[in-house]
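What follows is a set of notes on a single structure, which appears directly below.
Values in this document were obtained by computation on a predicted structure and should not be read as measured data. Below, each value reflects all heavy atoms present in this structure, side chains not excepted, and no hydrogens, waters or symmetry copies. In what follows, chains carry the letters A, B, and so on, assigned in the order in which the sequence lines appear, proteins first and then strands, with residues in each chain numbered from 1.
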Amino acid sequence: MLIRALQYVQSASSSRSFSSNALVEAIKHVEIGILSGNYQEHIHRRGFSSPCAGNMCTVAFISTSTKKGLTTSAFEAFSKLEIFGDSKEGNGSCTIQEKDYLRESQNSKAGLYILDLIDQGSIKPGYTLYNKLLKKCTQLGKLREGRMVHEHFLKSKLNFDLFTLNTIINMYTKCGNLDDAKKIFDEMPCRDMVTWTALITGYSQNGRPEEALALFPQMIKVGLEPNQFTFASLLKASGSAATDKPGRQVHGFVVKCGYSSDVYVASSLVDTYARFDRIKEAQLVFDRMLRKNEVSWNALIAFYARKGEGGDALKMFWRMQSEGFKPTHFTYASVFKACASTESLEQGKWVHAHMLKSGGKLIAFAGNTLLDMYAKAGSIEDARKIFDRLENRDVVSWNSMLTGFAQHGQAREAAERFEEMLKIGVLPNFITFLCVLTACSHGGLVNEGLYYYELMKKYNVEPHVDHYVTKVDLLGRAGLLNEAVDVIKEMPIEPTSAIWGALLSACSMHKNTELGIFAGERCIELNPTDSGPHMILSNIYASVGRLSDVARVRKRMREIGLKKEPGISWVKTGNTDHVFVANDDAHPLNVEIRKMWGKVSEKIKQAGYVPDTSHVLVFTDQQEREARLQVHRS
DNA sequence: GTAGGGTTAG
């Protein structure tokens, strides 16, 4: 009977004429037969075409077993239920009919079938049931369903229960609804340490560190002592505070309350100190840890990666393993970033191989950084390969791929990928638009860029000042200087130095002296410490022979204490880095290199390169002017 | 019932 019923569901779900009615019929059959055998095993052995079919049976199973009073079996099945929302819809493993079924069941709260059963009187609810339901909603991040359970609990005849309310607060914070969590917190007649910790954690995990930290003194005031959970969250919040002061204060309490040797608390301390560049303190806490784990190492490795200290990051990566710790996705993500920032592709390849060898899957978490590493190191082909091989792709994977194309001047590719991501339903964020706009700007795709800019509205992405900078850059590079000025005039926020900087570069490129001077002066007013705009402005003055203005700009730079950073080039051959600094003839093969450069430079000229020497005024001799442009000189 | 570590742009 059971087998026949399962066959019925299976064939119904794979048949073209499958409909909701057929499903209801099928479920009835399953309901009749399901208790006569081992349900889970049968589901497993039948090997359903998709998890949705299994879900349909699970719903039937819950219904049948609760009717028979087998609540434990119902709970067990419920914990495996994946019918909440659309988790399976997203990866395309559903048939169209199954999608309809999922949608229907959502509307008729089939995901919370069990609540209907309570209303019908088939099942008597208790705190345990509500807590299980809330936990499930929390795990799946289902706010709507969680709220339904919360409301159902309020309507029940059950008394106030601290444990359940803490669970509800946690459900709201994990689903990102801090306002409701705070409301419940405020209305509670009594709170314990878990209540406070749940709210502190909520603020800390949702990027509201100030509010998390503000709760700490209040908690102390009512006489509750924080535990290791509280401290871990407080330290995370301290890590994104404006100064290191909160972190130090919390550290004091950690010592006072005796949690210094807790591995969660100590790892958080390492991370917090590292975020304020207090590497000595971070290292000290780390060294004194009696027990370490992967997270302790990752906190330190992430610090070196952020600082661009690739060598140190790699050293720690090998050391953690020699001390018996296995790298995690966090570790790989940091190490790849470290390799990307030091452009040590060879080392990065080693670590990549290491990850493959240790059986690590290529998931977006670490894969995104690996993709970025290859793109930054110059191998767009490898970056693309990584993208194709990713087990899962999130918006960052797409952004990184777009950036890769933009960095390699492949604007068309970037635009195509962008269209593709929209087509398959990946929601672009503000960074996505920056990536695709930058690609268009660098590739001269003005119309496409303007179109994508307008598209931001459709995706509810509010233009940030950086988007305006990119738009000015897009128009400016293409020589549409008046249009670029219109953007600046019409933007709803005050132009920043970056905005004027973009216009300045465009004017320099297209030789609009008057506008360039205006933009340059505005840019320098707003950010006097960047040497770049001073140099461009000076060059613009030079190009029209306004030598006294050149002198004035140079004098102003000296007064501010600015020096133009010398131009530096690197060439890597084998394991040796050859560094060339402006005005530096120190390389042992200097003579040979210059001879070779002469030949290359001749070829470039033959290919049609015309050096722009207009701003190199100090030398009257044309040959000397050209030479100034071709090698590093100040 | 409450906890810590990662990535994309500029």
Side-chain angles (χ1 to χ4, degrees), chain A residues 127 130-132 134-135 138 161-171 173-174 181 191-202 204-205 226-239 259 262-272 274-275 293-303 305-306 327-338 340 363-373 375-376 383 393-404 406-407 428-439 464-467 469-470 473 496 498 501-502:
Chain A
Y127 297 111
Y130 283 114
N131 287 326
K132 280 191 185 221
L134 288 164
K135 199 176 167 191
T138 309
D161 178 53
L162 189 55
F163 197 96
T164 308
L165 278 164
N166 287 345
T167 313
I168 291 171
I169 289 189
N170 186 46
M171 183 272 295
T173 61
K174 290 290 184 303
R191 308 173 188 106
D192 67 358
M193 190 245 304
V194 176
T195 322
W196 285 86
T197 305
L199 195 61
I200 289 174
T201 304
S204 162
Q205 290 180 338
N227 66 3
Q228 66 273 39
F229 290 80
T230 330
F231 281 127
S233 286
L234 285 169
L235 287 166
K236 182 184 164 77
S238 308
Y259 286 106
D262 181 273
V263 69
Y264 276 83
V265 176
S267 300
S268 309
L269 268 170
V270 171
D271 184 60
T272 307
R275 281 181 198 275
N293 65 9
E294 288 74 18
V295 182
S296 334
W297 287 89
N298 291 346
L300 220 47
I301 294 175
F303 163 79
R306 274 195 301 270
T328 67
H329 292 308
F330 283 90
T331 324
Y332 287 116
S334 291
V335 173
F336 291 141
K337 184 187 161 77
I363 59 166
F365 201 100
N368 291 346
T369 327
L370 184 62
L371 190 168
D372 181 59
M373 180 191 87
K376 284 209 169 77
R393 295 183 194 100
D394 56 19
V395 67
V396 179
S397 322
W398 288 90
N399 292 352
S400 308
M401 194 68 251
L402 294 182
T403 304
Q407 283 163 347
N429 61 14
F430 78 104
I431 295 177
T432 316
F433 282 102
L434 284 175
C435 298
V436 72
L437 288 171
T438 309
H464 186 258
V465 66
D466 292 338
H467 295 102
V469 175
T470 331
D473 190 58
T496 58

Figure out the [atom1]/[atom2] separation between [X] and [N], and round it to whole Å.
X: A:Asn298; N: B:dG6; atom1: CG; atom2: P; value: 9 Å
X: A:Leu437; N: B:dG10; atom1: CG; atom2: C1'; value: 13 Å
X: A:Leu434; N: B:dA9; atom1: CG; atom2: P; value: 10 Å
X: A:Leu235; N: B:dG5; atom1: CG; atom2: P; value: 10 Å
X: A:Trp398; N: B:dT8; atom1: CH2; atom2: C1'; value: 14 Å
X: A:Asp466; N: B:dT8; atom1: CG; atom2: P; value: 15 Å
X: A:Leu269; N: B:dA3; atom1: CG; atom2: C1'; value: 13 Å
X: A:Asp262; N: B:dA3; atom1: CG; atom2: C1'; value: 8 Å

Within the side chain of [X], is there an N or O that forms a donor-acceptor pair under 3.5 Å with the backbone of [Y]?
X: A:Ser204; Y: A:Ser233; value: yes
X: A:Asp473; Y: A:Val469; value: no
X: A:Asn293; Y: A:Ser296; value: yes
X: A:Thr272; Y: A:Leu235; value: yes

Which nucleotide in the list [options] gets nearest to the side chain of [X]?
X: A:Ser233; options: B:dA3, B:dG5, B:dA9; value: B:dA3
X: A:Lys337; options: B:dT7, B:dG6, B:dG4; value: B:dT7
X: A:Asp372; options: B:dT2, B:dG6, B:dT8; value: B:dT8
X: A:Thr369; options: B:dT7, B:dG6, B:dA3; value: B:dT7
X: A:Val396; options: B:dA3, B:dT7, B:dT2; value: B:dT7
X: A:Thr438; options: B:dA3, B:dT7, B:dG10; value: B:dG10
X: A:Asn170; options: B:dG4, B:dG6, B:dT2; value: B:dT2
X: A:Val295; options: B:dA9, B:dG6, B:dG5; value: B:dG5
X: A:Val263; options: B:dG4, B:dG6, B:dT7; value: B:dG4
X: A:Ala302; options: B:dT2, B:dT8, B:dG6; value: B:dG6

Is there a side-chain polar atom (N or O) of [X] under 4.0 Å from OP1 or OP2 of [N]?
X: A:Arg306; N: B:dG6; value: yes
X: A:Ser268; N: B:dG5; value: no
X: A:Gln205; N: B:dT2; value: no
X: A:Lys174; N: B:dT2; value: no
X: A:Arg393; N: B:dT7; value: no
X: A:Asn368; N: B:dT8; value: no

*Stacking check: are the rings of A:Phe330 and B:dG5 less than 5.5 Å apart at their centres and under 30 degrees in tilt?*
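Check passed, A:Phe330 stacks on base of B:dG5.
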
*Answer yes or no for this row: A:Phe231 ring on B:dA3 base, centroids under 5.5 Å, planes under 30°.*
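Stack criterion not met.
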
*Parallel, tilted or perpendicular for A:His329 and A:Phe365, by the 30°/60° rule?*
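Tilted, since the angle between the ring planes falls between 30° and 60°.
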
*Between A:His467 and A:His464, what is the ring plane arrangement, given parallel below 30°, perpendicular above 60°, and tilted in between?*
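Correct class here is perpendicular.
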
Mind checking [X] for me? I need base, sugar-phosphate or nothing, with any heavy atom below 4.0 Å counting as a touch.
X: A:Asn131; value: nothing
X: A:Asp394; value: nothing
X: A:Phe430; value: base

*Compute whether any side-chain donor of one residue and acceptor of the other, for A:Thr438 and A:Thr470, lie under 3.5 angstrom apart.*
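Not at all, the side chains of A:Thr438 and A:Thr470 share no donor-acceptor pair under 3.5 Å.
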
*Got a donor-acceptor pair under 3.5 Å from the side chain of A:Thr331 to the base of B:dG6?*
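By the distance-only test, no, there is no pair.
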
*Do A:Ser267 and B:dG4 share a donor-acceptor pair, side chain to base, under 3.5 Å?*
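Donor-acceptor pair under 3.5 Å: yes.
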
